[in-house]
Amino acid sequence: MKKIGIIDCNNFYVSCERVFNPESIGWPTVVLSNNDGCVIARSNEAKTLGVKMGAPYFKVKEFMKEYNFFVYSSNYNLYGDMSDRVMSVIKEYANNVEVYSIDESFVDFSDLPDNNFEEKLHEIKTEVKRRTGIPVSIGVGPNKTLAKLTSSFAKKQSGYNGVCSYWSLENFNVMSYSMKIDNVWGIGRMWKKKLNKLGIKSVGDFTSLPNQTVRSLLNVNGLKTKMELEGVYCHEVKRRTKIKKHLASTRSFGSDVDDLNQIGEAMFNYIENGVRKLIHNKINTKNCTIFVAGNKHKGQGHYNSKHITLQEPTQDVNDIWTQVYPHLQSLFNKNKTYKKCGIVFHELTPESQKQLCLFTEPLEFIEKPINQNKKWEMRQEFITKRYTTSWDDLPIVK
DNA sequence: TCTGGGGTCCTAGGACCC
DNA sequence: TCTGGGGTCCTAGGACCC
């Protein structure tokens, strides 16, 4: 039988901030999304005080003041770098590591011997903490779904000390009737609703459904989830290939925008940001989609997008901008107010595979728009320094 | 005043082909 | 009244994830 693990950083963004701002340890702490819009990471203290994931900051601001919260704007340079450090420690312990998101990895531990298995997991947990300052939880089971489920026990029940194994659970089948179905990886809001309608509330209820019912109610993914809950190995652990299917760069504006020049400057910046990622991943894009959108929270749900095929695979800002801008002009409606825009690159190919195209017409580059008052720029009131990725921001040891 | 950003996969339906 | 039977490819939309 396979031994699959999930290693998950606890309250990751908060933990990153705390490595460099230890004065916040023990106090309720949150990290806000871009634009300081909503809460995207919470310390345990913040969770205990009832702050919800995704809570709009302006609604909880006063409450947080009252309870002496530490509040940080998100700092992805820092988190990305801390993530790399955590993952590289994990990779010392296993060959097959799938970096699943910025704060978690699936790991195939099948090669580890059964005796001392859990001790080994505790060792990994301790070593990650020692070398990066980031606390992690580990769940293991015969597949990803059960590993995820047990990792939630590792996190919530202190008795496990951060490591929980499916094989150490007594009588999983009985327990499964007291586990809520929406705690399962792969069952989201909509599917929960569908299942609840049929009276399916627990993991046990779900696994007692016939496969056919699950397949037609949900889709093959729902069926895979059911089978994994029953111990079958369906979702492979695979090292991620570098090449994604698409790559996006989008942002909400700091304030409303109704001026093409503002949107243009924003789009130019997002293209620059996206191109930085293309270059980092050593890939070109052959076509892209641009979009502009209103503020749906204000009932302005307008959305307009355009798919654009580029002359040739590229990772050049001016190249892309020049081909995109005329379409941006035609998407823009001067009678509307915008809150967001962005670009998604498709058909990503390795830069080494670029075919030279002899017959492309030389482009006449279009100038980048510049505004004095950048209404589109995002708000980041509580940003911390890039302690690990910028020489200027290195912490000083006294 | 004020509500994130970036991914994956599946399915249904239309266009088009023979 | 009544209009074949397969394919493939593409796209939009919807579900999921973090």
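Chain letters run A, B, ... following the sequence lines, proteins first, then strands; residues in each count from 1. Below, each value reflects all heavy atoms present in this structure, side chains not excepted, and no hydrogens, waters or symmetry copies. The model shown is predicted, which means the values in this text are computed figures rather than measured ones.
- The side chain of A/Ser252 contributes an N or O atom lying less than 4.0 Å from OP1 or OP2 of B/dG5.
- Using a 4.0 Å cut-off, no side-chain N or O of A/Lys339 falls inside it from OP1 or OP2 of B/dT1.
- Close to C/dT11, at under 4.0 Å from its OP1 or OP2, lies no side-chain N or O of A/His307.
- Within the model, atoms CG of A/Leu310 and CG of A/Asp319 stand 7.5 Å from one another, a figure rounded to the nearest 0.5 Å.
- The A/Asn219 side chain lies nearest to B/dT11 when the options are B/dG6, B/dT3, B/dT11.
- Distances shorter than 4.0 Å separate none of the side-chain N or O atoms of A/Lys298 from OP1 or OP2 on B/dT1.
- Here A/Lys245 reaches the OP1 or OP2 of B/dC9: one of its side-chain N or O atoms lies under 4.0 Å away.
- Contact between the side-chain N/O atoms of A/Lys61 and the OP1/OP2 oxygens of B/dT1 is not found at any separation under 4.0 Å.
- Counting any heavy atom pair closer than 4.0 Å across all strands shown, A/Ser249 reaches sugar-phosphate atoms only and no base atom.
- A/Leu218 comes within 4.0 angstrom of no nucleic acid atom, judged by non-hydrogen atoms across all strands.
- The side chain of A/Arg379 contributes no N or O atom lying less than 4.0 Å from OP1 or OP2 of B/dG4.
- Across all strands, A/Lys194 comes closer than 4.0 Å to no nucleic acid atom at all (heavy-atom distances).
- Nucleic acid contact class of A/Lys52 (heavy atoms, under 4.0 Å, all strands): none.
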Give me the distances for all protein-to-nucleotides 12-14 of chain B N/O pairs that come in under 3.5 Å?
none

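- Within the nucleic acid shown, A/Lys296 has no heavy atom closer than 4.0 Å to any nucleic acid atom.
- No donor-acceptor pair closer than 3.5 Å links the side chain of A/Ser202 to the backbone N or O of A/Lys180.
- Scanning DNA chain B for stems, defined as runs of 3 or more consecutive Watson-Crick or G-U wobble pairs whose donor-acceptor distances all fall under 3.5 Å, gives the following ranges: B:5-18 with C:5-18.
- In terms of modelled atom types and a separation under 3.5 Å, the side chain of A/His302 and the main chain of A/Thr337 share a donor-acceptor contact.
- In this structure, the side chain of A/Ser33 does not engage the main chain of A/Asp36 through any donor-acceptor pair within 3.5 Å.
- Nucleic acid contact for A/Asp103: sugar-phosphate only, since backbone atoms but no base atoms lie under 4.0 Å from a heavy atom of the residue.
- Applying the 4.0 Å criterion to OP1 and OP2 of B/dG6, one finds that A/Arg251 has a side-chain N or O inside that range.
- Straight-line distance from the OH atom of A/Tyr76 to the P atom of B/dG7: 12 Å, rounded to whole Å.
- With respect to the salt-bridge test (charged N to carboxylate O, under 4.0 angstrom), the residues A/Glu98 and A/Arg240 qualify.
- For the OP1/OP2 pair of B/dG6 and a distance below 4.0 Å, the side-chain nitrogens and oxygens of A/Thr250 include at least one atom meeting the criterion.
- Between the side chains of A/Asn11 and A/Asn44, a donor-acceptor pair is found at a separation under 3.5 Å.
- A sub-4.0 Å separation between OP1 or OP2 of B/dG6 and a side-chain N or O of A/Lys277 is present.
- The residue A/Ile187 sits close only to the backbone: its heavy atoms come under 4.0 Å of sugar-phosphate atoms, none of a base.
- When the C1' atom of B/dT8 is taken as reference, atom CH2 of A/Trp185 falls 11 Å away, rounded to whole Å.
- Within the 4.0 angstrom heavy-atom criterion, no nucleotide atom of any strand lies near A/Lys144.
- Using a 4.0 Å cut-off between charged side-chain N and carboxylate O, A/Glu265 and A/Lys374 make a salt bridge.
- With ring centers used as reference points, A/Tyr166 lies under 6.0 Å from A/Phe172.
- Cation-pi geometry between A/Lys3 and A/Phe109 is not satisfied (NZ or CZ under 6.0 Å from the ring centre, within 45° of the ring normal).
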